Amino acid sequence: MSANDSRGPEGRQNAATYDSAFMKACRREPVPHTPVWFMRQAGRSLPEYRKVREGTAMLESCMRPDLVTEITLQPVRRHKVDAAIYFSDIVVPLKAIGIDLDIKPGVGPVVENPIRSRADLAQLRDLTPEDVHYVTEAIGMLTAELGSTPLIGFAGAPFTLASYLVEGGPSRNHEHTKALMYGDPQLWADLLDRLAEITGAFLKVQIEAGASAVQLFDSWVGALSPADYRSRVMPASTKVFDAVAPYGVPRIHFGVGTGELLGLMGEAGADVVGVDWRVPLDEAVRRVGPGKALQGNLDPAVLFSTPEAVEAKTDEVLAAAKGLEGHIFNLGHGVLPSTDPEALTRLVEYVHTRTAV
């Protein structure tokens, strides 16, 4: 199955989105305009999101198809972005298989019983479609509403999931994670392999329900050297990408602070490599090499400046993207919570206008 055939073995889901600007850019084909979407486009920057989420815990909102559908659609309606991103959290599949965790406001995911020994691996059973039936239901509702607008499926990468599980929550230095990775390399490899199985299964559910593309987020992998990434992480990420390869949907890979890892992240199996704001796209393409589209990479903080400054910095990104085989405009990380939604709406319109053929 060619990666250029977005219809995959399930065949039926993505015909409506196949010729969209986003899907064409993923396949490195000519586009009518540079497509735009934003990481964390659905979320706290939108007053309608805060209203609909009022009184509902984060994990509960991820498990209610009605809420997931509404929240995912909000930025598509408001900003006219070229793709929707499935509203979820990277720990949802872990919660679905029974891991005792919660998302604490102002902190992030907190795991009650961190994984520190081989016995702790027993917590990680296989994920089945029944475990996340609400995902299948929500994506069915979403694709009916989205029509020709692609829906991007979403999952956390094995390293980042492992870091949360080993640390017990967010970490600045990843000391427990690295201690396990170096001190018990076989347990580390087994942990990442198990997480790759779970993540691959989670993405398959989303594709079979109708997602047109998938993005694997490796939020914390920028904490590693290229040598450690290649030997200790890349095999698990590759396993995830290989698991969904038969579907032929575009596979996007993004990490924060991963400028030194861009080439390896492409090698892991991505069709599109996301670039944060620290590396210009013309340098990123040199590091990634041919055969991949790039996604990015305006600094999210730029949106707090004047409209003129935003346009000037956007022009810099677009100029650096000239000559790329495929380019999807995005931020170099997620939308910051206090971003003015109007700045995002203006940005989408500006990119569309500036790049229209």
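One is the number of the first residue; the rest follow in order along the sequence. Predicted model only: the values in this text are computed from it and were never measured.
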Next item on the list: Tell me, with the steps shown, if S225 and D228 meet side-chain contact (heavy atoms from CB on, under 4.5 Å).
Entry: CA-CA 5 Å; S225 69; D228 282 340; 3.5 Å; yes

Next item on the list: Please assess E48 against R78 for the test side-chain contact (heavy atoms from CB on, under 4.5 Å), listing each intermediate value before the final yes or no.
Entry: CA-CA 10 Å; E48 56 265 42; R78 182 189 270 262; 2.9 Å; yes

Margin query: Does D131 form a salt bridge (Lys or Arg N to Asp or Glu O under 4.0 Å) with R125? I'd like the steps, not just the answer.
Written below: CA-CA 11 Å; D131 292 322; R125 67 166 176 82; 2.9 Å; yes

Next item on the list: Give the C-alpha distance, both sets of side-chain angles, the deciding distance and a yes or no for side-chain contact (heavy atoms from CB on, under 4.5 Å) between F304 and S338.
Entry: CA-CA 9 Å; F304 290 81; S338 53; 3.5 Å; yes

Next item on the list: Evaluate side-chain contact (heavy atoms from CB on, under 4.5 Å) for D82 paired with F329, printing each intermediate quantity in order.
Entry: CA-CA 10 Å; D82 293 278; F329 190 96; over 6 Å; no

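Side chain of R287 to backbone of L262: no donor-acceptor contact under 3.5 angstrom is found. In this structure a side-chain-to-backbone donor-acceptor pair under 3.5 Å is missing from D100 to E112. With hydrogens and angles ignored, the 3.5 Å screen pairs a side-chain donor or acceptor of K292 with a backbone N or O of A270. Without hydrogens or angle criteria, T339 side chain to V335 main chain gives no donor-acceptor distance under 3.5 Å. Side chain of T353 to backbone of E349: a donor-acceptor contact under 3.5 angstrom is found. Within the 3.5 Å criterion, the main-chain N or O of Y134 finds no donor-acceptor partner in the side chain of E137. Judged by distance alone, the side chain of T238 and the main-chain N or O of A268 form a donor-acceptor pair under 3.5 Å. Side-chain atoms of S61 come within 3.5 Å of backbone atoms of M58 as a donor-acceptor pair (strictly under, hydrogens ignored). Looking only at distances, a side-chain donor or acceptor of S20 sits under 3.5 Å from a matching main-chain atom of T17. Put simply, the side chain of N297 gets close to the backbone of V279: a donor and an acceptor are under 3.5 Å apart.
Contact annotation: the side chain of Y247 approaches that of K204 to within less than 4.5 Å [non-hydrogen atoms, C-beta and beyond]. Side-chain contact between T69 and I139 is absent, with no heavy atoms from C-beta onward closer than 4.5 Å. Two residues are said to be in side-chain contact when any heavy atoms from C-beta on lie closer than 4.5 Å; K24 and P30 fail this criterion. Residues R27 and Y18 form a side-chain contact, since some pair of their non-hydrogen atoms from C-beta on lies under 4.5 Å apart. Residues P300 and L336 have side chains in contact (heavy-atom distance under 4.5 Å, counting atoms from C-beta outward). No side-chain heavy atom of I252 sits under 4.5 Å from any side-chain heavy atom of V214. With contacts defined as side-chain heavy-atom distances shorter than 4.5 Å, the pair V111/V91 does not qualify. Between R116 and L180, the closest side-chain pair of non-hydrogen atoms is not below 4.5 Å.
Between F202 and A155, the closest heavy-atom pair is CD2-CB, 4.1 Å. Nearest heavy atom pair, residue P75 against residue T72, reads CD-O, 3.4 Å. In terms of heavy atoms, A211 sits closest to G153 at CB-N, 3.9 Å. Nearest heavy-atom pair across A243 and G200 is CB-CA, 4.2 Å. The two residues A196 and A236 make their nearest non-hydrogen contact at CB-O, 3.5 Å. Heavy-atom minimum distance, L46 versus P341: CD2-CB, 3.9 Å.
The only option from R77, R53, R64 that meets the salt bridge (Lys or Arg N to Asp or Glu O under 4.0 Å) definition with E70 turns out to be R77. A side-chain hydrogen bond (donor to acceptor under 3.5 Å, both in side chains) with W37 holds for exactly one of Q215, Q295, H79; it is Q295.
In summary, K313 and D299 do not engage in a salt bridge, as defined by a charged side-chain N under 4.0 Å from a carboxylate O. Electrostatic pairing of R230 and E267 counts as a salt bridge here, judged by a charged N lying under 4.0 Å from a carboxylate O. A salt bridge does not link K95 to D89: none of the charged nitrogens lies less than 4.0 Å from a carboxylate oxygen.
L151 CG to E145 CD: the interatomic distance, rounded to the nearest 0.5 Å, is 12.5 Å. Annotation: the span from I328 atom CD1 to L294 atom CG amounts to 9.0 Å, rounded to 0.5 Å. With rounding to the nearest 0.5 Å, the separation of OG in S45 from CG in L303 is 9.5 Å. In this structure, CD on E167 lies 10.5 Å from CH2 on W220, to the nearest 0.5 angstrom. In this structure, Y164 OH and H174 NE2 are separated by 8.5 Å, a value rounded to the nearest 0.5 Å. To the nearest 0.5 Å, atom NZ of residue K322 and atom OG1 of residue T34 are 8.0 Å apart.
Cluster annotation: Y86 is not connected to M141 through the hydrophobic network of ILVMFWY side chains, with a link wherever side-chain heavy atoms come within less than 4.5 Å. Hydrophobic clustering (side-chain heavy atoms under 4.5 Å, transitive across Ile, Leu, Val, Met, Phe, Trp, Tyr) keeps I97 apart from V110. Both I71 and L73 sit in one connected hydrophobic cluster of ILVMFWY residues. Membership requires side-chain heavy atoms under 4.5 Å apart, directly or through other members. V76 is connected to M39 through a chain of hydrophobic side-chain contacts under 4.5 Å among Ile, Leu, Val, Met, Phe, Trp and Tyr, so both are in one cluster. At a threshold of 4.5 Å between side-chain heavy atoms, the hydrophobic network of Ile, Leu, Val, Met, Phe, Trp and Tyr places V272 and V351 in one connected group.
The environment of NZ in K178 is crowded: more than 12 heavy-atom neighbours from other residues, nucleotides or ligands sit within 6.0 Å. Surrounding CZ of R354 are at most 12 heavy atoms belonging to other residues, nucleotides or ligands under 6.0 Å away. Counted within 6.0 Å of CD on E60, heavy atoms from surrounding residues, nucleotides or ligands total more than 12; the atom is thus considered enclosed.
Side-chain N/O atoms of S117 and D120 include a donor and acceptor closer than 3.5 Å. A donor atom on one side chain and an acceptor atom on the other are not found under 3.5 Å apart for D271 and H253. Residues T355 and H33 bring no donor and acceptor atom of their side chains to less than 3.5 Å of each other. Checked by atom type, the side-chain pair D218/Y229 shows no donor-acceptor distance below 3.5 Å.
Using a 30° and 60° split on the angle between ring planes, W188 and F159 fall in the perpendicular class, above 60°. Using the six-membered ring where Trp is involved, F87 and Y49 have ring planes that are perpendicular, over 60° apart on the 30 and 60° scheme. The aromatic rings of F154 and F217 are tilted relative to each other, their planes meeting at an angle between 30° and 60°.
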